J.: 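Structure incoming, see below.
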Amino acid sequence: MTTATSTEQQPALLRYQPTELDSSPEVSELLQQLGLGSFVPDGLTAFGGRNDNWAGTTTSGDQVFVKTVVRAPDGSSRELDRTLAYENLVGQLPADSPLRSPVHLGTHRAGALSAYRLLSGARSGSEVALDGDFDEELCRTAGRAVATLHGLDTSGTDVDSDEAPLPPLGWLEAFPWSAAQERSMAQIAAWKLVQDDAEVVSALHLLRDREKAAPLTPAHCDLRFDQFIHHEGTLYLCDWEEFRIADPARDVGAFIGEWLFQATYSVFAPTGAPTGAPGAPALGFDLTHEEIVERGADSLRRHVPRIAAFWQGYLECRVPDAGLAERAVGFAGWHMYDRLIATAQAHAILNPVARAAAGIGRVLLLNPSGAVATLRLEAPSGSS
Ligand SMILES: Nc1ncnc2c1ncn2[C@@H]1O[C@H](COP(=O)(O)OP(=O)(O)O)[C@@H](O)[C@H]1O
Ligand SMILES: [Mg+2]
(Lines give C-alpha, C1' and ligand atoms only; values in the text may rest on other atoms or scores of the structure.)
(Ligands and ions follow the chains in the order given, each with its own letter.)
Protein backbone atom coordinates (compact mmCIF):
# COMPACT_ATOMS: atom_id res chain seq x y z
CA MET A 1 0.00 0.00 0.00
CA THR A 2 1.25 3.53 -0.75
CA THR A 3 1.35 5.14 2.67
CA ALA A 4 1.49 8.88 3.05
CA THR A 5 0.19 9.31 6.56
CA SER A 6 1.73 7.82 9.64
CA THR A 7 -1.54 6.67 11.00
CA GLU A 8 -3.29 4.41 8.57
CA GLN A 9 -3.68 1.79 11.23
CA GLN A 10 -5.96 0.53 13.97
CA PRO A 11 -5.84 1.79 17.55
CA ALA A 12 -3.95 -0.46 19.92
CA LEU A 13 -6.78 -1.01 22.34
CA LEU A 14 -7.81 -4.27 20.89
CA ARG A 15 -6.27 -7.71 21.00
CA TYR A 16 -6.18 -9.57 17.72
CA GLN A 17 -5.61 -13.06 16.47
CA PRO A 18 -1.89 -13.09 15.66
CA THR A 19 -0.58 -14.14 12.27
CA GLU A 20 0.09 -17.90 12.18
CA LEU A 21 3.58 -18.57 13.50
CA ASP A 22 4.03 -21.23 10.83
CA SER A 23 4.07 -18.50 8.20
CA SER A 24 6.76 -16.55 10.11
CA PRO A 25 9.37 -19.14 11.07
CA GLU A 26 11.84 -16.35 11.91
CA VAL A 27 9.87 -15.61 15.09
CA SER A 28 10.67 -19.05 16.48
CA GLU A 29 14.28 -18.74 15.29
CA LEU A 30 14.67 -15.46 17.16
CA LEU A 31 13.18 -16.84 20.38
CA GLN A 32 15.46 -19.90 20.12
CA GLN A 33 18.54 -17.71 19.56
CA LEU A 34 17.67 -15.71 22.66
CA GLY A 35 17.27 -18.86 24.73
CA LEU A 36 13.58 -18.18 25.28
CA GLY A 37 12.25 -21.43 23.82
CA SER A 38 9.13 -20.85 21.75
CA PHE A 39 5.75 -19.15 22.17
CA VAL A 40 3.17 -21.13 24.11
CA PRO A 41 0.17 -21.12 21.69
CA ASP A 42 -2.31 -20.77 24.53
CA GLY A 43 -2.86 -17.06 25.22
CA LEU A 44 -0.72 -15.87 22.30
CA THR A 45 -2.15 -12.59 21.07
CA ALA A 46 -1.41 -9.53 18.91
CA PHE A 47 -1.89 -5.81 19.45
CA GLY A 48 -3.20 -3.36 16.91
CA GLY A 49 -0.53 -1.65 14.87
CA ARG A 50 0.85 -1.20 11.41
CA ASN A 51 3.11 -4.23 11.62
CA ASP A 52 2.58 -7.86 12.59
CA ASN A 53 3.29 -8.61 16.23
CA TRP A 54 3.01 -11.45 18.73
CA ALA A 55 2.65 -11.13 22.50
CA GLY A 56 2.71 -14.04 24.88
CA THR A 57 4.54 -16.38 27.20
CA THR A 58 7.39 -18.56 25.99
CA THR A 59 8.27 -22.10 27.04
CA SER A 60 11.08 -20.58 29.16
CA GLY A 61 8.37 -18.78 31.15
CA ASP A 62 9.22 -15.31 29.79
CA GLN A 63 6.71 -12.68 28.70
CA VAL A 64 7.76 -11.52 25.25
CA PHE A 65 6.57 -9.08 22.58
CA VAL A 66 7.90 -9.66 19.05
CA LYS A 67 7.23 -7.28 16.17
CA THR A 68 8.15 -7.20 12.54
CA VAL A 69 8.93 -4.12 10.45
CA VAL A 70 8.99 -3.41 6.72
CA ARG A 71 11.76 -5.00 4.65
CA ALA A 72 13.04 -3.74 1.30
CA PRO A 73 13.18 -6.27 -1.55
CA ASP A 74 16.95 -6.63 -0.92
CA GLY A 75 16.20 -7.69 2.66
CA SER A 76 17.44 -4.46 4.27
CA SER A 77 15.23 -2.45 6.60
CA ARG A 78 15.65 1.24 7.39
CA GLU A 79 12.97 0.79 10.05
CA LEU A 80 14.99 -1.88 11.79
CA ASP A 81 18.22 0.16 11.48
CA ARG A 82 16.53 3.17 13.07
CA THR A 83 15.08 1.02 15.85
CA LEU A 84 18.51 -0.42 16.63
CA ALA A 85 20.09 3.05 16.55
CA TYR A 86 17.69 4.04 19.31
CA GLU A 87 18.32 0.89 21.32
CA ASN A 88 22.09 1.49 21.11
CA LEU A 89 21.66 5.01 22.45
CA VAL A 90 19.42 4.30 25.40
CA GLY A 91 22.20 2.33 27.02
CA GLN A 92 23.58 5.73 28.09
CA LEU A 93 20.49 6.48 30.18
CA PRO A 94 20.51 5.99 33.95
CA ALA A 95 17.98 3.53 35.40
CA ASP A 96 15.88 6.39 36.79
CA SER A 97 15.77 8.30 33.48
CA PRO A 98 12.44 10.00 32.65
CA LEU A 99 12.67 8.24 29.26
CA ARG A 100 11.63 4.61 29.52
CA SER A 101 11.05 2.09 26.76
CA PRO A 102 10.40 -1.66 26.84
CA VAL A 103 13.58 -3.72 27.32
CA HIS A 104 14.95 -4.79 23.94
CA LEU A 105 15.90 -8.46 24.02
CA GLY A 106 17.28 -9.01 20.54
CA THR A 107 16.83 -8.81 16.79
CA HIS A 108 16.51 -11.16 13.82
CA ARG A 109 17.91 -9.14 10.91
CA ALA A 110 16.80 -11.29 8.02
CA GLY A 111 13.28 -11.42 9.38
CA ALA A 112 13.28 -7.69 10.36
CA LEU A 113 12.07 -8.76 13.81
CA SER A 114 12.73 -7.38 17.26
CA ALA A 115 11.89 -8.95 20.60
CA TYR A 116 11.08 -6.99 23.74
CA ARG A 117 10.08 -7.78 27.26
CA LEU A 118 6.26 -7.80 27.22
CA LEU A 119 4.70 -5.30 29.60
CA SER A 120 1.97 -7.67 30.60
CA GLY A 121 -1.40 -6.16 31.43
CA ALA A 122 -0.30 -2.72 30.23
CA ARG A 123 -2.65 -0.19 28.66
CA SER A 124 -1.83 1.67 25.49
CA GLY A 125 -1.67 5.46 25.82
CA SER A 126 -4.63 5.78 23.45
CA GLU A 127 -6.68 3.57 25.75
CA VAL A 128 -5.59 5.67 28.73
CA ALA A 129 -6.50 8.89 26.90
CA LEU A 130 -9.92 7.58 25.81
CA ASP A 131 -10.68 6.50 29.37
CA GLY A 132 -9.87 10.01 30.56
CA ASP A 133 -6.88 8.78 32.58
CA PHE A 134 -4.10 10.54 30.63
CA ASP A 135 -4.17 13.24 33.28
CA GLU A 136 -1.95 16.26 33.81
CA GLU A 137 0.57 14.32 35.87
CA LEU A 138 0.95 11.70 33.15
CA CYS A 139 1.26 14.44 30.52
CA ARG A 140 4.04 16.02 32.55
CA THR A 141 5.76 12.62 32.70
CA ALA A 142 5.39 12.34 28.91
CA GLY A 143 6.92 15.81 28.51
CA ARG A 144 9.90 14.82 30.62
CA ALA A 145 10.39 11.65 28.58
CA VAL A 146 10.25 13.46 25.24
CA ALA A 147 12.64 16.21 26.42
CA THR A 148 15.08 13.56 27.64
CA LEU A 149 14.89 11.89 24.23
CA HIS A 150 15.67 15.22 22.55
CA GLY A 151 18.67 15.66 24.84
CA LEU A 152 20.32 12.31 24.01
CA ASP A 153 23.94 12.57 22.93
CA THR A 154 24.32 11.05 19.45
CA SER A 155 27.94 12.04 18.89
CA GLY A 156 29.93 9.18 17.43
CA THR A 157 26.80 7.24 16.53
CA ASP A 158 25.12 6.56 13.24
CA VAL A 159 21.56 7.83 13.64
CA ASP A 160 19.52 8.37 10.46
CA SER A 161 19.44 12.04 9.51
CA ASP A 162 17.28 11.74 6.40
CA GLU A 163 14.48 14.27 6.39
CA ALA A 164 11.30 12.94 7.96
CA PRO A 165 8.80 12.16 5.18
CA LEU A 166 5.69 13.91 6.51
CA PRO A 167 3.96 16.06 5.45
CA PRO A 168 4.53 14.77 1.91
CA LEU A 169 5.05 18.06 0.09
CA GLY A 170 4.75 16.46 -3.36
CA TRP A 171 1.27 15.29 -2.44
CA LEU A 172 0.15 18.80 -1.59
CA GLU A 173 -0.26 19.52 -5.30
CA ALA A 174 -1.79 16.20 -6.29
CA PHE A 175 -1.10 12.61 -5.52
CA PRO A 176 -0.26 9.81 -7.86
CA TRP A 177 -3.15 7.94 -9.47
CA SER A 178 -2.04 4.68 -7.83
CA ALA A 179 -2.39 6.34 -4.43
CA ALA A 180 -5.82 7.76 -5.28
CA GLN A 181 -7.08 4.30 -6.20
CA GLU A 182 -6.14 2.92 -2.80
CA ARG A 183 -8.01 5.58 -0.88
CA SER A 184 -11.61 5.90 0.27
CA MET A 185 -13.81 8.73 -1.01
CA ALA A 186 -13.62 10.40 2.41
CA GLN A 187 -9.84 10.15 2.39
CA ILE A 188 -9.60 11.76 -1.02
CA ALA A 189 -11.97 14.48 0.22
CA ALA A 190 -9.69 14.96 3.26
CA TRP A 191 -6.64 15.32 1.02
CA LYS A 192 -8.52 17.80 -1.11
CA LEU A 193 -9.13 19.94 1.98
CA VAL A 194 -5.36 20.41 2.05
CA GLN A 195 -4.67 20.50 -1.68
CA ASP A 196 -7.37 23.09 -2.45
CA ASP A 197 -6.25 25.42 0.33
CA ALA A 198 -3.36 27.50 -1.03
CA GLU A 199 -2.71 29.13 2.35
CA VAL A 200 -2.40 25.77 4.11
CA VAL A 201 -0.12 24.45 1.37
CA SER A 202 2.19 27.45 1.67
CA ALA A 203 2.12 27.25 5.49
CA LEU A 204 3.26 23.62 5.26
CA HIS A 205 6.12 24.60 2.94
CA LEU A 206 7.10 27.38 5.34
CA LEU A 207 7.01 24.97 8.28
CA ARG A 208 9.42 22.64 6.51
CA ASP A 209 11.71 25.56 5.69
CA ARG A 210 11.71 26.59 9.35
CA GLU A 211 12.44 23.02 10.33
CA LYS A 212 15.52 22.98 8.07
CA ALA A 213 16.90 26.04 9.85
CA ALA A 214 16.15 24.68 13.35
CA PRO A 215 18.62 22.99 15.70
CA LEU A 216 17.93 19.29 15.19
CA THR A 217 17.97 16.60 17.87
CA PRO A 218 17.21 12.89 18.16
CA ALA A 219 13.44 12.59 17.76
CA HIS A 220 10.77 9.87 17.74
CA CYS A 221 9.05 11.27 14.62
CA ASP A 222 5.93 9.11 14.92
CA LEU A 223 4.61 10.20 18.28
CA ARG A 224 0.99 9.40 19.06
CA PHE A 225 -0.91 8.29 22.14
CA ASP A 226 -0.70 4.66 21.04
CA GLN A 227 3.11 4.81 21.14
CA PHE A 228 2.91 5.27 24.91
CA ILE A 229 2.38 2.30 27.19
CA HIS A 230 1.24 2.64 30.79
CA HIS A 231 2.35 -0.24 32.95
CA GLU A 232 2.25 -0.48 36.73
CA GLY A 233 2.41 3.28 37.15
CA THR A 234 5.28 3.79 34.67
CA LEU A 235 4.98 5.43 31.28
CA TYR A 236 6.95 3.84 28.42
CA LEU A 237 7.50 5.03 24.89
CA CYS A 238 7.70 2.41 22.12
CA ASP A 239 7.87 2.02 18.33
CA TRP A 240 11.19 3.54 17.31
CA GLU A 241 11.19 2.75 13.61
CA GLU A 242 11.01 6.43 12.56
CA PHE A 243 13.65 7.51 15.10
CA ARG A 244 16.10 9.96 13.54
CA ILE A 245 17.79 13.34 13.82
CA ALA A 246 15.00 15.81 13.19
CA ASP A 247 13.24 18.90 14.46
CA PRO A 248 12.24 18.25 18.10
CA ALA A 249 9.14 20.36 17.37
CA ARG A 250 7.78 17.36 15.45
CA ASP A 251 7.34 15.33 18.64
CA VAL A 252 6.09 18.23 20.75
CA GLY A 253 3.63 19.19 18.00
CA ALA A 254 2.41 15.62 17.56
CA PHE A 255 1.62 15.31 21.27
CA ILE A 256 -0.25 18.63 21.22
CA GLY A 257 -2.02 17.59 18.02
CA GLU A 258 -3.12 14.33 19.65
CA TRP A 259 -4.86 16.29 22.40
CA LEU A 260 -6.46 18.75 20.02
CA PHE A 261 -7.72 15.94 17.82
CA GLN A 262 -9.03 14.11 20.85
CA ALA A 263 -10.64 17.33 22.10
CA THR A 264 -12.45 17.76 18.80
CA TYR A 265 -13.68 14.18 18.60
CA SER A 266 -14.58 13.77 22.28
CA VAL A 267 -17.23 16.45 21.87
CA PHE A 268 -19.28 13.95 19.89
CA ALA A 269 -18.48 10.68 21.61
CA PRO A 270 -18.50 10.38 25.39
CA THR A 271 -15.12 9.52 26.87
CA GLY A 272 -14.63 5.78 26.77
CA ALA A 273 -16.66 5.23 23.61
CA PRO A 274 -14.37 4.96 20.60
CA THR A 275 -15.88 7.05 17.81
CA GLY A 276 -15.21 4.43 15.19
CA ALA A 277 -17.07 1.73 17.12
CA PRO A 278 -19.61 -0.23 15.10
CA GLY A 279 -23.04 1.27 15.55
CA ALA A 280 -21.66 4.58 16.83
CA PRO A 281 -23.70 7.53 15.57
CA ALA A 282 -22.33 9.34 12.55
CA LEU A 283 -20.24 12.19 13.83
CA GLY A 284 -21.84 15.60 13.88
CA PHE A 285 -24.24 15.16 10.97
CA ASP A 286 -27.09 16.31 13.25
CA LEU A 287 -25.35 19.52 14.33
CA THR A 288 -24.92 22.89 12.72
CA HIS A 289 -21.44 24.12 11.96
CA GLU A 290 -21.83 26.81 14.67
CA GLU A 291 -22.75 24.16 17.27
CA ILE A 292 -19.72 22.12 16.33
CA VAL A 293 -17.40 25.13 16.59
CA GLU A 294 -18.87 26.17 19.96
CA ARG A 295 -18.65 22.72 21.50
CA GLY A 296 -15.20 22.28 20.02
CA ALA A 297 -13.94 25.51 21.56
CA ASP A 298 -15.21 24.43 25.00
CA SER A 299 -13.54 21.07 24.68
CA LEU A 300 -10.26 22.67 23.59
CA ARG A 301 -10.28 24.87 26.68
CA ARG A 302 -10.73 21.78 28.85
CA HIS A 303 -7.77 20.05 27.24
CA VAL A 304 -5.28 22.93 27.36
CA PRO A 305 -4.10 22.19 30.95
CA ARG A 306 -2.81 18.81 29.76
CA ILE A 307 -0.88 20.42 26.94
CA ALA A 308 0.51 22.94 29.44
CA ALA A 309 1.50 20.12 31.82
CA PHE A 310 3.33 18.29 29.00
CA TRP A 311 5.23 21.48 28.17
CA GLN A 312 6.09 22.09 31.83
CA GLY A 313 7.50 18.56 32.04
CA TYR A 314 9.47 19.24 28.87
CA LEU A 315 10.97 22.45 30.30
CA GLU A 316 11.99 20.60 33.47
CA CYS A 317 14.35 18.42 31.42
CA ARG A 318 15.49 20.56 28.51
CA VAL A 319 15.88 24.16 27.36
CA PRO A 320 14.14 24.40 23.98
CA ASP A 321 15.42 26.61 21.18
CA ALA A 322 13.59 29.94 20.94
CA GLY A 323 11.37 28.92 18.01
CA LEU A 324 10.48 25.40 19.12
CA ALA A 325 7.06 26.17 20.62
CA GLU A 326 5.94 28.04 17.52
CA ARG A 327 7.12 25.31 15.14
CA ALA A 328 5.45 22.73 17.40
CA VAL A 329 2.12 24.53 16.94
CA GLY A 330 2.63 24.23 13.18
CA PHE A 331 3.33 20.52 13.47
CA ALA A 332 0.26 20.16 15.71
CA GLY A 333 -1.72 21.76 12.87
CA TRP A 334 -0.34 19.23 10.40
CA HIS A 335 -1.07 16.43 12.88
CA MET A 336 -4.77 17.34 12.80
CA TYR A 337 -4.81 16.86 9.03
CA ASP A 338 -2.73 13.69 9.28
CA ARG A 339 -5.15 12.18 11.79
CA LEU A 340 -8.28 13.14 9.95
CA ILE A 341 -6.88 11.74 6.71
CA ALA A 342 -6.11 8.49 8.54
CA THR A 343 -9.51 8.19 10.21
CA ALA A 344 -11.27 8.96 6.92
CA GLN A 345 -9.89 5.72 5.50
CA ALA A 346 -12.88 3.71 6.66
CA HIS A 347 -15.54 6.16 5.46
CA ALA A 348 -17.29 7.17 2.28
CA ILE A 349 -18.12 10.72 3.38
CA LEU A 350 -15.98 13.14 5.33
CA ASN A 351 -17.92 13.87 8.52
CA PRO A 352 -18.43 17.38 9.94
CA VAL A 353 -16.17 16.69 12.89
CA ALA A 354 -13.31 15.83 10.57
CA ARG A 355 -13.95 19.18 8.90
CA ALA A 356 -13.86 20.88 12.31
CA ALA A 357 -10.51 19.19 13.06
CA ALA A 358 -9.20 20.49 9.74
CA GLY A 359 -10.44 23.97 10.67
CA ILE A 360 -8.43 23.90 13.89
CA GLY A 361 -5.39 22.52 12.09
CA ARG A 362 -5.67 25.36 9.60
CA VAL A 363 -5.74 28.04 12.31
CA LEU A 364 -2.63 26.55 13.91
CA LEU A 365 -0.74 26.32 10.64
CA LEU A 366 -1.62 29.82 9.48
CA ASN A 367 -0.94 31.61 12.74
CA PRO A 368 1.28 29.47 14.96
CA SER A 369 2.62 32.39 17.00
CA GLY A 370 -0.97 33.38 17.86
CA ALA A 371 -1.66 29.94 19.36
CA VAL A 372 1.50 29.65 21.49
CA ALA A 373 -0.02 31.58 24.40
CA THR A 374 -3.49 30.02 24.04
CA LEU A 375 -1.94 26.56 24.35
CA ARG A 376 0.16 27.81 27.28
CA LEU A 377 3.48 26.98 25.69
CA GLU A 378 5.23 29.57 27.78
CA ALA A 379 8.89 30.45 27.35
CA PRO A 380 11.12 28.91 30.03
CA SER A 381 11.63 31.21 33.00
CA GLY A 382 14.76 33.29 32.68
CA SER A 383 14.45 33.73 28.90
CA SER A 384 13.13 36.89 27.31
N1 LIG B 1 6.83 -4.39 25.06
C2 LIG B 1 5.51 -4.20 24.97
N3 LIG B 1 4.68 -4.64 25.94
C4 LIG B 1 3.33 -4.45 25.86
N5 LIG B 1 2.73 -3.84 24.83
C6 LIG B 1 3.48 -3.38 23.84
C7 LIG B 1 4.91 -3.52 23.85
N8 LIG B 1 5.41 -2.94 22.73
C9 LIG B 1 4.35 -2.47 22.06
N10 LIG B 1 3.19 -2.74 22.70
C11 LIG B 1 1.82 -2.41 22.24
O12 LIG B 1 1.69 -2.88 20.90
C13 LIG B 1 1.31 -1.81 20.03
C14 LIG B 1 2.00 -1.99 18.68
O15 LIG B 1 3.41 -1.87 18.86
P16 LIG B 1 4.26 -0.85 18.02
O17 LIG B 1 5.70 -1.04 18.36
O18 LIG B 1 3.72 0.52 18.20
O19 LIG B 1 4.01 -1.39 16.55
P20 LIG B 1 3.52 -0.69 15.19
O21 LIG B 1 4.77 -0.32 14.46
O22 LIG B 1 2.80 -1.80 14.51
O23 LIG B 1 2.67 0.48 15.53
C24 LIG B 1 1.71 -0.54 20.77
O25 LIG B 1 0.86 0.52 20.42
C26 LIG B 1 1.57 -0.91 22.23
O27 LIG B 1 0.26 -0.68 22.68
MG1 LIG C 1 3.00 1.97 16.95
Side-chain angles (χ1 to χ4, degrees), residues 1 3 5-19 24 27 30-31 34 36 39 43-58 62-71 77-87 90 99-108 111-131 133-134 138 142 145-146 149 164-166 219-244 250-251 254-255 258 274 335 338-339 342 345:
M1 180 170 108
T3 300
T5 65
S6 60
T7 45
E8 296 182 353
Q9 61 160 36
Q10 311 238 18
L13 330 177
L14 306 168
R15 311 286 180 259
Y16 296 91
Q17 191 66 30
T19 302
S24 307
V27 174
L30 173 59
L31 295 178
L34 297 173
L36 297 169
F39 271 128
L44 186 64
T45 187
F47 301 125
R50 227 175 334 196
N51 302 294
D52 269 350
N53 64 59
W54 298 263
T57 308
T58 65
D62 292 277
Q63 303 274 305
V64 182
F65 174 80
V66 175
K67 76 174 269 196
T68 175
V69 292
V70 177
R71 257 179 300 184
S77 170
R78 298 293 295 272
E79 283 75 9
L80 188 63
D81 293 344
R82 287 193 286 257
T83 302
L84 292 177
Y86 169 78
E87 297 300 344
V90 289
L99 175 60
R100 305 287 296 267
S101 45
V103 174
H104 178 244
L105 301 172
T107 286
H108 188 298
L113 293 170
S114 290
Y116 301 86
R117 182 133 339 268
L118 174 69
L119 300 166
S120 200
R123 283 196 300 164
S124 132
S126 49
E127 208 166 355
V128 179
L130 268 177
D131 290 348
D133 295 338
F134 214 131
L138 215 48
V146 171
L149 163 66
L166 299 168
H220 186 283
C221 287
D222 192 16
L223 205 72
R224 289 190 313 269
F225 287 148
D226 60 271
Q227 313 287 33
F228 287 96
I229 306 172
H230 197 222
H231 180 250
E232 296 179 355
T234 300
L235 193 66
Y236 296 80
L237 192 46
C238 73
D239 200 350
W240 295 93
E241 64 202 56
E242 293 300 324
F243 174 69
R244 69 186 74 215
R250 283 183 172 270
D251 292 343
F255 192 85
E258 283 287 88
H335 194 83
D338 180 76
R339 292 308 318 242
Q345 194 187 17

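Just so you know, these numbers come straight off a predicted model, no measurement behind them. Atoms within each ligand, like the ligands themselves, are counted from 1 in listed order.
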J.: Backbone, side chain, both or neither: what part of Arg117 comes under 4.0 angstrom of ligand 1, heavy atoms only?
T.: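 It is the backbone that touches ligand 1; the side chain stays farther off.
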J.: Does the pair Val27 and Thr68 meet the rule for a side-chain contact (heavy atoms from CB on, under 4.5 Å), with working shown?
T.: CA-CA 9 Å; Val27 174; Thr68 175; over 6 Å; no
J.: Closest to the Mg ion (ligand 2), which N/O/S atom of Asp239 is it?
T.: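 It is OD2 of Asp239.
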J.: Aromatic rings Phe255 and Phe225: how do their planes relate, parallel, tilted or perpendicular, breaks at 30° and 60°?
T.: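 Plane angle over 60°, so perpendicular.
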J.: Does Asp239 come within less than 4.0 Å of Arg224, counting only side-chain N to carboxylate O?
T.: no
J.: Which atoms of ligand 1 are found less than 4.0 Å from any heavy atom of Ser124?
T.: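 Counting from 1, the qualifying ligand atoms are 27 (O).
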J.: Any non-hydrogen side-chain atom of Leu235 less than 4.5 Å from a side-chain atom of Arg100?
T.: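 They are not in contact (no side-chain heavy atoms under 4.5 Å apart), so the answer is no.
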J.: Identify, with sequence neighbours excluded, every residue that meets side-chain contact (heavy atoms from CB on, under 4.5 Å) alongside Ala145.
T.: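 By the side-chain contact (heavy atoms from CB on, under 4.5 Å) rule, Ala145 matches Leu99.
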J.: When you check the gap from the basic side-chain N to the acidic O, do Asp222 and Arg50 get nearer than 4.0 Å?
T.: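 A salt bridge is present here (some side-chain N lies under 4.0 Å from a carboxylate O).
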J.: Need the ligand 1 atom indices (1-based, order shown) with element for anything under 4.0 Å from a heavy-atom of Leu118.
T.: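 What qualifies from ligand 1 is 3 (N), 4 (C).
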J.: Within ligand 1, which atoms have a heavy atom of Arg50 less than 4.0 Å away?
T.: 20 (P), 22 (O), 23 (O)
J.: Measure Ile229 to ligand 1 on non-hydrogen atoms and call it side chain, backbone, both or neither using the 4.0 Å cut-off.
T.: side chain
J.: Can you figure out which of Lys67, Glu127, Gln63, Arg224 has its heavy atom closest to atom 17 (O) of ligand 1?
T.: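 The nearest heavy atom belongs to Lys67.
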J.: The Mg ion (ligand 2) and Asp226: any N/O/S contact shorter than 2.8 Å?
T.: no
J.: For atom 13 (C) of ligand 1, which of Gly48, Gly121, Pro102, Ser126 has the closest heavy atom?
T.: Gly48
J.: What atoms of ligand 1 come within less than 4.0 Å of a heavy atom belonging to Asp226?
T.: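 So the atoms of ligand 1 that pass are 24 (C), 25 (O).
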J.: Strictly under 2.8 Å, is any N, O or S atom of Gln227 next to the Mg ion (ligand 2)?
T.: yes
J.: Taking atom types as modelled and ignoring hydrogens, do the side chains of His104 and Thr107 form a donor-acceptor contact shorter than 3.5 angstrom?
T.: yes
J.: With distance as the sole criterion, is a donor-acceptor pair present between the side chains of Glu241 and Asn51 under 3.5 Å?
T.: yes
J.: Go through ligand 1 atom by atom and flag the ones less than 4.0 Å from a non-hydrogen atom of Gln227.
T.: 18 (O)
J.: Applying side-chain contact (heavy atoms from CB on, under 4.5 Å) to Ser101 and Trp240, what does each step give before you reach the verdict?
T.: CA-CA 10 Å; Ser101 45; Trp240 295 93; 3.8 Å; yes
J.: Can you list the ligand 1 atoms lying under 4.0 Å from a non-hydrogen atom of Gly49?
T.: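 Within the 4.0 Å cut-off of Gly49, ligand 1 contributes 22 (O), 23 (O).
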